[in-house]
Amino acid sequence: MNKMLAAVFHKDESLGGEIKLEQVDIPRIKKDDQVLIEVKASSICGTDLKILKGGHPATDNTVLGHEFVGVVKEIGKNVTDLKIGDNVVVDPNEKCGYCINCRRGLSNLCEYMALGTTFGIFQNGGFAKYCVLPRSALFKLPDSIDMIAASLIEPLACAVHCHNIADVKESDNVVIIGAGPMGLIIESVVRKHPIKRLISIEMDEWRGQKALKLGADHWINPKTQDVKQEIQNITNCEGADVIIDAVGIADTFEIATSIWAPGAKVVCFGQDYRAEAKIKPNDIVRYQRKILGSYIGYAEDFLDAIELIANNVIDVDELITTTIPLSDLLSTGFKLMNERKCVKIITIP
Ligand SMILES: [Zn+2]
Ligand SMILES: [Zn+2]
């Protein structure tokens, strides 16, 4: 058998396209620094849906899946610190190490990535039985780690990065806008640290309830409630000190900048390249506020995310709502994602 089942992206004229489950050749190591892994679990990401709808670029005829873990099956000659059978997690964003951003310690902004290099988006990824990756894309995991839970490490690393950017203090009123998968994973990280209170803003009932289950003290539904007034009531007119926008559209940015306390920070995490929002610069100056961006993560964020999963610090059972065989990716996985009644869906090849 040298064929395997894989979920392959086929681009159409609309820039989006479709995913097809097909039999493809099992990849082989071609360079001495490469590793062949057998994928154990691969999580569906909102970005996968965006790719199909044309909201995110991707390479035609590529195996999707960028949040995945596996076991080392074969190693190239130059790989000396991994052995067959090791558990690994993939950092799908390949960095060059020598561009000006990498050398300034901003490897998440590596100029090489702008060319389109992400595994599972621009190069073959984890919705398949096997994948070949450079050693530099892999982090070794403890032997005892639960590999299904470990498939959350990649998005969790982005959440850890966001939490570090937010630099949350114990006395902060923290607001997270959006209780989609990333909003909820960020909430899980924020909740592990002592803070004054955590408030979730979410339009969907199921997701709002999930935010409460994961530890939000309050849930505000902007469809039925006056967000500004509710924040005033809940915080005794203090306002929000840290606001994380996990959606990234004009409406959510405008909510963020209507509830901010003097000295507050807004962390922009959710991405929509079409969004445009209005802001009064004087509202920033006069109250010494900050607007910050958080984009993917650094290698060190992966290390922290690995420890959060390995030590069972994160409530994985609330975050992983469905586990399915890869063959059900389209019929069950994407269907549930579109219905929004799920957090993370994990596929097993
Ligand atoms: Zn993702
Ligand atoms: Zn670089």
Side-chain angles (χ1 to χ4, degrees), residues 7 9 19 39 41-53 55-59 62-70 89-128 131 133-134 136-137 139 148-162 178 180-186 188-189 246-248 269-273 294-302 305 309 314 316 319-322 329 333-334 336-338 340 342-347:
F9 172 63
I19 262 197
V39 178
S42 188
S43 169
I44 305 177
C45 175
T47 304
D48 299 321
L49 292 184
K50 272 193 193 163
I51 290 171
L52 299 187
K53 291 171 184 158
H56 193 291
T59 307
T62 300
V63 177
L64 296 188
H66 59 272
E67 302 177 356
F68 60 114
V69 291
V89 60
V90 178
D91 175 357
N93 295 297
E94 211 179 357
K95 288 106 184 161
C96 73
Y98 55 79
C99 75
I100 189 71
N101 292 344
C102 280
R103 289 197 162 153
R104 282 185 169 143
L106 296 168
S107 60
N108 57 334
L109 309 179
C110 173
E111 289 175 4
Y112 174 73
M113 286 191 323
L115 304 175
T117 54
T118 311
F119 295 103
I121 296 180
F122 301 106
Q123 307 185 68
N124 289 337
F127 288 145
C131 186
L133 298 144
S136 58
F139 287 79
I148 304 240
S151 67
L152 294 186
I153 288 170
E154 195 275 341
L156 191 57
C158 301
V160 166
H161 188 72
C162 178
M182 281 317 305
L184 292 169
I185 294 174
I186 293 168
S188 306
V189 176
V247 182
F269 180 90
Q271 266 190 288
D272 185 333
Y273 67 95
S294 175
Y295 182 65
I296 55 175
Y298 304 143
E300 66 196 54
D301 301 317
F302 264 82
I309 293 292
I314 296 293
V316 171
L319 290 174
I320 296 179
T321 43
T322 318
L329 178 74
F334 282 11
L336 284 173
M337 289 283 284
N338 279 319
R340 300 160 70 91
C342 59
V343 185
K344 291 305 272 184
I345 300 172
I346 313 299
T347 67

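Values below: every heavy atom of this structure, side chains too, minus hydrogens, waters and symmetry copies. Every number for a ligand or one of its atoms is a count from 1 in the order of the listing. Throughout, residue positions are numbered sequentially from 1 according to the sequence presented.
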### Query
Does the pair Val63 and Cys131 meet the rule for a side-chain contact (heavy atoms from CB on, under 4.5 Å), with working shown?
CA-CA 9 Å; Val63 177; Cys131 186; over 6 Å; no
### Task
Mind running side-chain contact (heavy atoms from CB on, under 4.5 Å) on Phe122 and Thr117 for me, showing each step along the way?
CA-CA 5 Å; Phe122 301 106; Thr117 54; 5.7 Å; no
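Checked against side-chain hydrogen bond (donor to acceptor under 3.5 Å, both in side chains), Thr118 has the following partners two or more places apart in sequence or in another chain: Asn93. Under the side-chain hydrogen bond (donor to acceptor under 3.5 Å, both in side chains) criterion, Gln123 pairs with Glu94, sequence neighbours left out.
Of the listed residues (Leu156, Ile153, Val160), just one forms a side chain to side chain contact (heavy atoms under 4.5 Å, CB included) with Phe302, and that residue is Ile153.
In terms of modelled atom types and a separation under 3.5 Å, the side chain of Thr322 and the main chain of Ile345 share no donor-acceptor contact. A donor-acceptor pair is defined here as one N or O able to donate and one able to accept, closer than 3.5 Å; such a pair exists between the side chain of Ser42 and the backbone of Gly126.
Excluding waters, the set of protein N/O/S atoms under 2.8 Å from the Zn ion (ligand 1) reads Cys45 SG, His66 NE2, Glu67 OE2. If you look at the Zn ion (ligand 2), the protein N, O or S atoms less than 2.8 Å from it are Cys96 SG, Cys99 SG, Cys102 SG, Cys110 SG.
Under the 4.5 Å side-chain criterion, counting only non-hydrogen atoms from C-beta, Leu106 is in contact with Asn108. Within the 4.5 Å cutoff, the side chain of His66 has heavy atoms near those of the Asp48 side chain.
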